[in-house]
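Down below is the structure, laid out as structure tokens.
Side chains are part of it too, since the values below use all heavy atoms of this structure and drop only hydrogens, waters and symmetry mates. We number each residue from 1, following the sequence as shown.
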Amino acid sequence: MKAVTVISEKAYKKTERNAWKVFKSQRYLYYMSIPFVIWVFVFQYLPLWGWTMAFQKYKPGLSFFEQKWVGLEHFRTLFRDDHFYQVLRNTLAMSLMGLIAGFIVPVVFALLLNEVRIQVIKRFVQTVSYLPHFVSWVVAAGIVTKMLSADGGVVNDMFMGLGIIEQPIQFMAQGKLFWWVVTFGDIWKETGWNAIIYLAAIAGIGPELYEAARVDGASRFRQMWHITLPGIRPTIIILLIMSIGHLLGTGFEKQFLLGNHLVIDYSEVLDLYALNYGLAMGRYSFGTAINIFNSVISLIFLFAANGIFKRYTNESIM
């Protein structure tokens with residue numbers, strides 16, 4: 001027993017010396033990382049102090065110790081509000097639709113674009129596809145609204161020209177269509193940008209694998225299915241896990257700019273709910289409680305997705 005203890009102490013000291021040697025040899029890299037660590041702490045962790053507002057009846061102008069503590073009152077108010085569950089339904093529905101479409105479409109687009117052999121066409125298509133990402137949602141929402149307009153909109157004119165419909169469809173006035181409008185608008189705006197990382201992953205696959213497959217008589221579809229997709233599988237899984245972690249963080253720009261009073265029952269999401277019933281009404285503590293709920297559920301989704309994928313695919317982010 002004594003011998004084992006001595007060996008353990010020696011191994012610990014050796015590990016400690018090795019760690020110190022690594023630190024000394026890479027000290028300049030650690031020095032360079034200090035500004036970024038400070039930035040993350042100041043802008044990501046320090047603001048968490050504001051979460052204390054959710055447990056207070058916060059009033060601006062009073063110091064921290066002068067605030068009235070109310071415990072979980074704001075959370076009870078939140079969970080008793082029927083409108084909250086409607087907003088949660090909208091958030092989950094649009095997030096899930098965006099998650100599914102936002103992964104399938106960019107992956108398929110990257111696979112098809114990778115098969116284009118004429119480099120000029122490939123670069124042109126890729127450039128045109130990711131340009132909408134740099135357009136703000138203010139402009140993008142205007143484009144989407146104009147395209148779906150019942151009065152001269154491209155989509156309605158095309159459907160009527162093909163004989164699919166006889167009368168223009170009021171896309172922006174039907175709540176049941178709003179989730180689809182947001183999803184397709186997001187696909188149009190972000191597909192090219194999201195495909196870039198998959199194209200980069202595809203570029204890292206060894207060309208000898210494709211050469212061997214061609215020698216064996218594999219078609220381009222077979223090469224895509226058995227070489228390209230397995231080659232980018234780790235990238236797909238990691239991005240999927242991160243996206244699941246942000247499932248409730250769908251934002252509010254799309255819904256705010258594309259929505260109107262006719263579709264309010266389908267367009268309002270958690271961020272808009274916090275804005276309208278928290279900040280806009282001076283209920284800062286209530287708005288903070290909503291954001292805490294959002295963050296906690298997102299964290300649960302992240303760890304759950306990471307655990308599931310780690311168990312069944314041996315791929316994870318932690």
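Taken together through direct or relayed side-chain contacts under 4.5 Å among Ile, Leu, Val, Met, Phe, Trp and Tyr, I292 and Y45 form part of one hydrophobic cluster. Linking Ile, Leu, Val, Met, Phe, Trp and Tyr whenever their side-chain heavy atoms come within less than 4.5 Å leaves I196 and V116 in two separate clusters.
Between W193 and F134, a ring centre-to-centre spacing shorter than 6.0 Å is recorded. Taking the six-membered ring wherever Trp is involved, the centroid distance between the rings of W179 and Y266 falls below 6.0 Å. In this structure, Y277 has its ring center no closer than 6.0 Å to that of F84. In this structure, F43 has its ring center under 6.0 Å from that of W39. Ring pair F301/H246: centre-to-centre distance not below 6.0 Å.
A donor-acceptor pair is defined here as one N or O able to donate and one able to accept, closer than 3.5 Å; such a pair exists between the side chain of S243 and the backbone of L239.
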Stepwise side-chain hydrogen bond (donor to acceptor under 3.5 Å, both in side chains) check, Y273 with D81:
CA-CA 12 Å; Y273 180 68; D81 186 5; 2.4 Å; yes

Give the intermediate values and the outcome of side chain to side chain contact (heavy atoms under 4.5 Å, CB included) for residues K189 and W137.
CA-CA 9 Å; K189 192 173 185 299; W137 263 110; 3.5 Å; yes

Criterion side chain to side chain contact (heavy atoms under 4.5 Å, CB included) on L99 and L240, from CA distance to verdict:
CA-CA 8 Å; L99 179 67; L240 181 59; 4.0 Å; yes

Determine, stepwise, if the pair T313 / I308 fulfils side chain to side chain contact (heavy atoms under 4.5 Å, CB included).
CA-CA 8 Å; T313 67; I308 292 171; over 6 Å; no

Could you please spell out the steps behind the side chain to side chain contact (heavy atoms under 4.5 Å, CB included) verdict for T288 and Q56?
CA-CA 10 Å; T288 305; Q56 303 170 337; over 6 Å; no

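When side chains are defined from C-beta on, L148 counts as touching V181, because their heavy atoms get closer than 4.5 Å. Residues M160 and P168 are in side-chain contact: their nearest non-hydrogen atoms beyond the backbone lie under 4.5 Å apart. Side-chain contact between W69 and K57: absent, with no pair of heavy atoms (C-beta onward) separated by less than 4.5 Å. A heavy-atom distance below 4.5 Å is found between the side chains of L229 and V107. Residues T77 and R283 meet the side-chain proximity criterion, which asks for heavy atoms closer than 4.5 Å. The side-chain heavy atoms of V37 and I34, taken from C-beta on, include no pair separated by under 4.5 Å. At least one side-chain heavy atom of N294 sits less than 4.5 Å from a side-chain heavy atom of D271. Counting heavy atoms from C-beta on, the side chains of F184 and I187 come closer than 4.5 Å.
Using the six-membered ring where Trp is involved, F252 and F256 have ring planes that are perpendicular, over 60° apart on the 30 and 60° scheme. Between F79 and F293, the angle of the ring planes goes over 60°, which puts this pair in the perpendicular group of the 30/60° scheme.
Counting heavy-atom neighbours within 6.0 Å of L46 CG, excluding the residue itself, gives a total above 12. Heavy-atom contacts from other residues, nucleotides or ligands closer than 6.0 Å to CH2 of W225 number 12 or fewer. Atom CD of E208 sits in a crowded spot, with more than 12 heavy atoms from other residues, nucleotides or ligands closer than 6.0 Å. Atom CD of Q119 has more than 12 heavy atoms from other residues, nucleotides or ligands within 6.0 Å. No more than 12 heavy atoms of other residues, nucleotides or ligands shown are found within 6.0 angstrom of CZ on R222. Counting non-hydrogen atoms of other residues, nucleotides and ligands closer than 6.0 Å to NZ of K122 gives a total above 12.
Atom CD1 of residue I237 and atom CD1 of residue I232 lie 11.0 Å apart, to the nearest 0.5 angstrom. Interatomic distance, E268 CD to L275 CG, rounded to the nearest 0.5 Å: 9.5 Å. Put simply, CG on L177 and CD1 on I169 are 7.0 Å apart, with the number rounded to the nearest 0.5 Å. Once rounded to the nearest 0.5 Å, the distance linking CD1 of I202 with CE of M224 reads 8.5 Å. Taking OG from S267 and CG from L258, the interatomic distance works out to 9.5 Å, rounded to the nearest 0.5 Å. Atom OG1 of T52 is separated from atom CZ of F64 by 4.5 Å, given to the nearest 0.5 angstrom.
Side-chain N/O atoms of T228 and Y210 include a donor and acceptor closer than 3.5 Å. Looking only at atom types and distance, the side chain of Y85 has no donor-acceptor partner in the side chain of N90 under 3.5 Å away.
Pairing each heavy atom of F41 with each of P47, the nearest pair is O-CD, 4.4 Å. Contact between V263 and G259 at its shortest, heavy atoms only, is CG2-CA, 4.0 Å.
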